[in-house]
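First the proteins, then the strands, lettered A, B, ... as listed; each starts at 1.
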There are 2 protein chains.
Amino acid sequence: MNGRTTMMDFLEEPLPGVGTYEDFNTIDWVREKSRDRDRHREITNRSKESTWALLHSVSDAFSGWLLMLLIGLLAGSLAGLIDISAHWMTDLKEGVCLAGFWFNHEHCCWKSNTTFTDRDKCPEWKSWSQLILGHGEGAFAYILNYFMYVIWALMFSLLAVLLVKGFAPYACGSGIPEIKTILSGFIIRGYLGKWTLVIKTITLVLAVSSGLSLGKEGPLVHVACCCGNILCHLFTKYRKNEAKRREVLSAAAAAGVSVAFGAPIGGVLFSLEEVSYYFPLKTLWRSFFAALVAAFTLRSINPFGNSRLVLFYVEFHMPWHLLELVPFVLLGIFGGLWGAFFIRSNIAWCRRRKTTRLGKYPVLEVIVVTAITAILAFPNEYTRMSTSELISELFNDCGILDSSKLCEYVNDFNSTKGDDLPDRAAGPGVYTAMWQLALALIMKVFITIFTFGMKVPSGLFIPSMAVGAIAGRLLGVAVEQLAFYHHDWAIFSGWCSQGADCITPGLYAMVGAAACLGGVTRMTVSLVVIMFELTGGLEYIVPLMAAAMTSKWVADAIGREGIYDAHIRLNGYPFLEAKEEFSHKTRAMDVMRPRKSDPPLTVITQDTMTVEDVETIVTSTTYSGYPVVVSRVSQRLVGFVLRRDLIISIENARKKQDGIVSTSVICFTDYCPLLPPSSPSVLKLRSILDLSPFTVTDETPMEIVVDIFRKLGLRQCLVTHNGKLLGIITKKDVLKHIAQMANQDPDSILFN
Amino acid sequence: MNGRTTMMDFLEEPLPGVGTYEDFNTIDWVREKSRDRDRHREITNRSKESTWALLHSVSDAFSGWLLMLLIGLLAGSLAGLIDISAHWMTDLKEGVCLAGFWFNHEHCCWKSNTTFTDRDKCPEWKSWSQLILGHGEGAFAYILNYFMYVIWALMFSLLAVLLVKGFAPYACGSGIPEIKTILSGFIIRGYLGKWTLVIKTITLVLAVSSGLSLGKEGPLVHVACCCGNILCHLFTKYRKNEAKRREVLSAAAAAGVSVAFGAPIGGVLFSLEEVSYYFPLKTLWRSFFAALVAAFTLRSINPFGNSRLVLFYVEFHMPWHLLELVPFVLLGIFGGLWGAFFIRSNIAWCRRRKTTRLGKYPVLEVIVVTAITAILAFPNEYTRMSTSELISELFNDCGILDSSKLCEYVNDFNSTKGDDLPDRAAGPGVYTAMWQLALALIMKVFITIFTFGMKVPSGLFIPSMAVGAIAGRLLGVAVEQLAFYHHDWAIFSGWCSQGADCITPGLYAMVGAAACLGGVTRMTVSLVVIMFELTGGLEYIVPLMAAAMTSKWVADAIGREGIYDAHIRLNGYPFLEAKEEFSHKTRAMDVMRPRKSDPPLTVITQDTMTVEDVETIVTSTTYSGYPVVVSRVSQRLVGFVLRRDLIISIENARKKQDGIVSTSVICFTDYCPLLPPSSPSVLKLRSILDLSPFTVTDETPMEIVVDIFRKLGLRQCLVTHNGKLLGIITKKDVLKHIAQMANQDPDSILFN
């Protein structure tokens, strides 16, 4: 907290390097916030002096909003670009447009003058067999198409993994676990840099187009956070302050979810609930602004060509019946089981990848998984289409004009009134679709476990939702047919009489998707709000909530961690979970160092040690800071000094300050002791001393210590007994203790 | 924190009274949360012992959800009851239903077989003149109706104020400032009690029906919180713990807003943004559940008779144009100015009421204001109708069938297509309506200032929204006519050509309402989300956000405080605002007591003072707690003991423990000193000693101290220098210091 006491000239750091952090270290929130307040105070004070300073003060106040606007615009544009490219490249696997190779299937057929129902079949669009063989019929054509499909998929995924491996290793995965860790105050340099942004954007398109079982939602959050981090460099306020920058990143995460689903409110709540650590209310309002700008930018780019903001627009006509809560809760249980199963299997697989030779061949792994996925996917039309199209089709309520196989019911046009179709007997198309969907479900369930965690950008939202949507649709159709054939049963009487439209299988698909997503990520409010924004009606909130709640309870009963927390722990990041309460009856004295058998705590005295003494301490230990005491005997605490600041200051003084030699006394007090004139000059280091270190007594329960670390964002805390310094607790000690108490390996916490 | 160390038998308090609080005092969040964790730990440990204990543990875990369900059901039912009664009694001022006096105007006419357009005119419904004179025409009939209107209004408001004054003085006002204070950890006994609930529910109906310029939204939050508090008594977990109970109250506040507007998500965000202090994520999910249950309970009661969840359902057909942002920002500026003006005038008036003789005649005040309101309101049809009806009408987009005066445009049926009406010239009805609305605006603006703060339940949302909606509609119609008559102007060309439907005056009304509400309450995200839930479309979020942002900026530039914060300060409650950053460069030593000129800090030594010494200290000072030190000379801190606990323990020991006399030594240590056998037995009080008091050094900047108080919810904090105890800072000291730094009267903080 040197900044607070000495930085009157706040714009120049007293010494370059003092007050910065090393890579893979945790920031000190209190210090960062103090520095920002100093800066703000200085600008406010100066603003009274001149018009220029006043303008500076005003522009400083509005720079946050400007930054949010820029983030929204950039994130929205990138999302639009990704959508359009991924759409085009996904279609490229099946064929090409003669009118211009840069058109995707849908655009290509817009140009042609065909009727509405045949929109997908137009002469300009040629499948690969049509292009090469001149016709699209027969076994050979099928095999050629199959072959081209697999080849394109392999090419895309090979390119993606090579780019990630060669240029930006941080671009792989979903990025949300790391962003959570970074937002909690950890530093991973380059994780949100410009190379990561460029490579992640490109490889995300490639990975999605390759047909792997992954989504673009998580990576979009990473992309948006990269945008936020890079744009921070435009403003001194955010560039130089790690705490302020994290406020911006929280808002950027909201913008990312906002463009991923077209759900700005859901995005803000997702950032609040799932990603962010320090979320002051000012940030809430700004995040909302960024999320809105991003959503509207995306909409004006209009990548889906339908002016819709949301990814899956659904409109249902029928209300649901109270009895339907039973299947909805069943879907919730399924979602919870799937979530718990997925997390366990995926973590087990990722751990195997980390610890065995498997991890040494990431390219081969991607190629193999892509090949298996593509070979299995092509024969089944529900896995051949892109996963978001599949979800869209499953959510859809069958209308009269729907040509999808899922809507091939036995038609009885006499009883149709308006838009409401009565429940009907399923036709052969529906039965085929059911089988295909069941196979697709099994394939998705297993392939996703191996896909998430590979060295390509991969999101989990879409595959999870697909699993749930398939299960939901299957259940929905089953209930619908049950109600149709047995409408005289007591439970159906009254609301499912003959000719009534009472079951909406699309709603079941949506509820199932929410349940599975909830089981995997353990989102709650944000999940329901995102789903609510997709449908735009409060009608269906109760089914969604019932499923989400059941799913969370079931999944929590099996394992407490969501997928992101599990990955954080797998990677050993120092993340102090804000949601879990620490419930063990230990005290600060049980956690602090030194332990009873250890040598005593390394301390520095305030005015008796020489430069040499201190240098010996610094070189012989690796602690990141040292308490300063009045004297070794009294052990009364004066302050805390950081190792990095100490090294930089001594080095600097030796170089630049006259008379500083190894025998110079280092003095941390206000008034340095009078020394005999023969002795070398004194090195005054009060400016780097933190005079207000946090202390707790040795009797303080650990639950309170954990609370203090969490809420104040500390790096370390000193422990006293009756006023005497006893020991120190660092964030790593706290995390190790929590891991130990939860019967986990405390050495899994790698960083401080 | 005695609870933590000694309460192994957690279900029985060690001594009755120890660990409880006095009225008008602040709770210690850390202690309360510790106690709850102890309790939880104990139940979890026991659950392994027997099936019964396991069941207890499961029921304990689910009691929170059950409580939420009950709160939702009760709050929803009460809101329905209030709506129905208020609707009926409002109509009673104008007439009575012959088919049954308990029908309101609308219900009465549903029974009759009249056509759609004449729904409001049916033979069963008799105005007072029709009932008494037999006809409704002529000046005398008008005067009779006028007279009856005023008389009913006076009767309702007189009854309301008498009930409040006689039975539950806490039932007056909106209640939100007090709930904010209570949620921040203050204790006001009876404020959320059953009498307050009963009286507030009844008087709210009376006050709303009397036609005063007030709304039911704020009081509904109070009613919901009363429900929450009362239902807490059913569960030990919540009854006995002040911190847990406040979690429930936060959720109840969300349920209150949810039923007030039919906006569950907005309600949760309102609770998060505006009301709550400590809002863990678990609470967010539960609040959402309570808000949903409440909203759906209200909908199944269906008080508006239209199956709509929301209070003002609006559906607009036309998108807005980018240029329209100019009038929307103007509305924002108006809203901000209105907000600042209202807060200043209302606070000035309330201060006058508090300090002059005016405050001694609350009944007379209510009568006079009601009389003035009723006399001014009757002649103008827009003030005669209830305010929520007025807002509803102003939000409404004119359709073809609308018979309202506001929709009396010059019709040109040739150019009408479907639902979209083109812009048309205003007819005479619109011009009349404009004049009447302008007069209504002036009346509402002034009368609301005098109404809010009277001794009847009164909410601010509806009057504020009415002011904004009127202003918005006026501006909207003006812009519409401008565009109609000057569609050849450059700014209108392209989007407002002749015969196009381009301006929606209802949208302007909605934007104006949001701006004014934002100016008064300084809500941000929750405001936009509530408005979004009313319209159900993301289309109009940008206009709403533009207006809300402008309004907040303008209002903040004039005065930082929202109306609730201003009322908290007026009443001197100890509320530590979480949103404002403390930005002054003072340190803990500047704020702590004793000051330099004061006598030294009163301390208790750990093992040398006698019962008499301690009693002398307790009687000669009024502090609520005392630090315990090793010895007066060393001033090394051991712990902190609360005055209340000390008095109760000594009293109890004197009564029940043998050999405790005035000369007994009080010992706070683990092992008490050996005394000569002749001396009286030692009183051991380690169990009431808090061994982990929070300490900061004297050099700690106040901004960090304020942060600690806020985030950890402390009551006091001890100040040390180099390990020696120097002084103490209480929450009151912090609040006084903040007031002083903001150039306000520090003595306005009344409570600790």
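Within the 4.5 angstrom heavy-atom criterion, no atom of Trp29(A) approaches chain B. For Leu637(B), the part sitting under 4.5 Å from any heavy atom of chain A is the backbone (N, CA, C, O) and nothing else.
For the side-chain contact (heavy atoms from CB on, under 4.5 Å) test, residues two or more places apart in sequence or in another chain that qualify with Thr605(B) are Thr608(B), Met609(B), Val629(B), Arg632(B). Looking at residues two or more places apart in sequence or on another chain, you find a side-chain contact (heavy atoms from CB on, under 4.5 Å) between Ser271(B) and Ser250(B), Ala253(B), Ala254(B), Ser276(B), Phe279(B).
If you tally non-hydrogen atom pairs under 4.5 Å between each of Val268(B), Leu712(B), Leu725(B) and chain A, the highest count goes to Leu712(B). Counting heavy-atom pairs closer than 4.5 Å to chain B, the top-ranked of the candidates Thr720(A), Val630(A), Ile708(A) is Ile708(A). Residue with the most contacts toward chain B among Phe289(A), Trp65(A), Trp285(A): Trp285(A) (heavy-atom pairs, distance under 4.5 Å). Comparing Val696(A), Asp707(A), Val528(A) by how many heavy-atom pairs each has under 4.5 Å with chain B, the most go to Val528(A). No other option in His721(A), Lys724(A), Lys711(A) has as many heavy-atom pairs under 4.5 Å with chain B as Lys711(A). Counting heavy-atom pairs closer than 4.5 Å to chain B, the top residue among Ser287(A), Ala548(A), Gly723(A) is Gly723(A). For the set Glu273(A), Met549(A), Lys33(A), the entry with the most heavy-atom pairs within less than 4.5 Å of chain B is Met549(A).
Salt-bridge formation is not detected for the pair Glu42(B)/Arg39(B): no Lys NZ or Arg NE/NH1/NH2 atom is positioned less than 4.0 Å from an Asp or Glu carboxylate oxygen. Using a 4.0 Å cut-off between charged side-chain N and carboxylate O, Asp556(B) and Arg522(B) make a salt bridge. With respect to the salt-bridge test (charged N to carboxylate O, under 4.0 angstrom), the residues Lys585(B) and Asp38(A) qualify.
Distance alone, capped at 3.5 Å, is enough to place a donor-acceptor pair between the Glu533(A) side chain and the Ile265(A) backbone.
For the residue pair Thr700(A)/Thr697(A), the side-chain donor-acceptor check at 3.5 Å is satisfied.
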